[in-house]
2 protein chains.
Amino acid sequence: MIRMIRYDQKYGTKKILKTMVTKSDITKRQEQLLEELNKYEDELSGQELHRQLIESGKLMGLSTVYRNLQILIKQGLIRSRHLPTGEVLYTPVDRDFHHLTCVQCGETSKMEGCPIKDIHTPKENTRKFQLLFHQLEYFGLCQNCYQAQN
Amino acid sequence: MIRMIRYDQKYGTKKILKTMVTKSDITKRQEQLLEELNKYEDELSGQELHRQLIESGKLMGLSTVYRNLQILIKQGLIRSRHLPTGEVLYTPVDRDFHHLTCVQCGETSKMEGCPIKDIHTPKENTRKFQLLFHQLEYFGLCQNCYQAQN
DNA sequence: CATCAAAATGAAAATGAAAATCATTTCTGT
DNA sequence: ACAGAAATGATTTTCATTTTCATTTTGATG
């Protein structure tokens with residue numbers, strides 16, 4: 001569609017202004033955030049991301065970082081997960097890995113690939129749900145902690 | 001094994017004191033927490049749990065609630081998950097359900113059963129990892145939010 | 001039963017990431 | 001250039017969770 005759209009990100013509403021050239025739904029800030037996240041192999045927390053952006057010369061306030069991370073999640077471009085400590089880490093959605101997390105020491109190790117890639121959400125649910133991404137996490141004891149406990 | 005063990009929960013170390021009758025690894029407080037969590041079909045946050053315990057006449061300080069929730073997780077008896085808001089919810093591990101969470105409004109709906117029940121952790125990983133539980137979460141847009149956006 | 005040390009508790013204070021506020025700046029279309 | 005809308009960011013606020021530490025409880029031993 002070739003339309004001029006005003007997109008109210010706060011409320012998620014759209015208003016068609018004119019039929020013209022399509023504009024990307026992504027703003028400059030959001031592009032910078034994505035770009036920065038893509039630079040690192042690991043996930044970044046909001047705070048880390050903010051720090052890195054500044055070091056890269058992309059000046060941006062902390063509130064802007066958090067605000068736009070939320071928008072990117074809602075657009076299905078990034079995903080987040082919580083460490084046992086409560087920290088939230090962000091990654092581009094297209095990265096295909098999940099985690100093993102030790103409930104004792106909190107250490108997280110990456111698992112390449114996704115064991116449920118081919119499994120679909122139960123149909124009854126998908127009918128009513130526009131799937132953006134999923135998250136799988138295994139919790140247990142890492143070797144160190146398991147040994148320390150016995 | 002029939003032993004008298006002193007278990008330092010803080011550091012996870014054990015000391016054999018005497019060979020006698022085995023004691024359950026679970027304390028009275030921990031039993032109360034589990035009991036209370038089992039009373040509700042839904043998951044509870046730390047705060048909610050604390051409130052409910054008091055209403056049930058099981059007086060307990062907030063710090064004790066949090067402390068023992070952590071211990072129960074480490075013992076593999078309960079599991080926790082984070083809502084997009086950051087709240088942490090706790091459930092007994094044996095409950096077999098996962099979630100669909102809307103990234104727009106944050107609403108969470110339960111999915112009975114687990115799509116990955118029969119899939120195992122990749123062998124390379126399990127070798128070094130004592131699996132306690134896993135968590136699977138789908139994120140996307142619920143019907144309401146999906147419609148509101150279009 | 002008395003004693004002693006280790007562990008557990010809870011009231012209160014501290015923490016810190018994320019959210020909210022709001023004055024200011026930037027955009028967009030006319 | 002102008003006007004209204006949206007976005008920004010410095011700052012403040014929030015609030016669940018953690019930490020601290022003095023007190024209580026527990027459990028083994030003589």
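So you know, we letter chains A, B, ... as the sequences are listed, proteins then strands, and number each from 1.
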Please pick, from D/dT17, D/dT8, C/dT9, the nucleotide with the shortest atom-to-atom distance to any side-chain atom of A/T64.
D/dT8
Mind calculating the distance between [atom1] ([X]) and [atom2] ([N]) to the nearest angstrom?
X     : N      : atom1 : atom2 : value
B/E87 : D/dC15 : CD    : P     : 11 Å
A/H82 : C/dA18 : NE2   : C1'   : 11 Å
A/E31 : D/dT8  : CD    : P     : 13 Å
B/H50 : D/dT18 : NE2   : C1'   : 15 Å
B/Q47 : C/dG10 : CD    : P     : 15 Å
B/K58 : C/dT9  : NZ    : P     : 15 Å
A/L83 : D/dT17 : CG    : P     : 15 Å
B/M60 : C/dA8  : CE    : P     : 14 Å

Quick one: does [X]'s side chain get under 4.5 Å of [Y]'s, heavy atoms only?
X      : Y      : answer
A/L131 : B/F139 : no
A/K110 : A/D42  : yes
A/L69  : A/L49  : yes
A/L83  : A/T101 : no

Close N or O pairs between protein and nucleotides 19-23 of chain C (under 3.5 Å):
residue : atom : partner : partner atom : Å
C/dA19  : OP1  : A/Q70   : NE2          : 3.4

Does B/C142 offer a backbone N or O that forms a donor-acceptor pair with the side chain of B/Q147 under 3.5 Å?
no
Among residues at least two apart in sequence or on other chains, which ones pass side chain to side chain contact (heavy atoms under 4.5 Å, CB included) with B/K39?
B/E36, B/S56
Please compare A/V65 and B/G86 by the position of their nearest nucleotide in DNA chain D and report the one closer to 5'.
A/V65
In terms of ring plane angle, is the pair B/H134 and A/Y138 parallel, tilted or perpendicular, where the classes change at 30° and 60°?
perpendicular
Can you give me the bend angle of the helix from C/dC1-D/dG30 to C/dT30-D/dA1? Use the axis through the first five pairs and the one through the last five, nearest 10 degrees.
30°
OP1, OP2 of D/dA16 versus side-chain N and O of B/R51: anything below 4.0 Å?
no
Between A/N68 and D/dA7, is there a side-chain N or O to OP1/OP2 distance below 4.0 Å?
no
Qualifying salt bridge (Lys or Arg N to Asp or Glu O under 4.0 Å) pairs with a residue from residues 135-147 of chain A, counting only residues at least two apart or across chains
A/R81-A/E137
Enter the distance from B/L72:CG to B/I78:CD1 here, rounded to the nearest 0.5 Å.
4.5 Å
What is the distance from atom CG of A/L34 to atom CD1 of A/I26, rounded to the nearest 0.5 Å?
4.5 Å
Only distances under 3.5 Å count here; give the side-chain donor-acceptor pairs of residues 89-97 of chain B to other protein atoms, sequence neighbours excluded, each with its distance to 0.1 Å.
residue : atom : partner : partner atom : Å
B/R95   : NH1  : B/Y40   : O            : 2.9
B/R95   : NH1  : B/E41   : O            : 3.0
B/R95   : NH2  : B/L37   : O            : 3.1
B/R95   : NH2  : B/N38   : O            : 3.4
B/R95   : NH2  : B/Y40   : O            : 2.8
B/D96   : OD2  : B/K117  : NZ           : 3.1

Nucleotide N/O of nucleotides 25-27 of chain C paired with protein N/O under 3.5 Å:
none

Residue that, paired with A/K58, satisfies side-chain contact (heavy atoms from CB on, under 4.5 Å) out of A/E35, A/H50, A/Q52:
A/E35
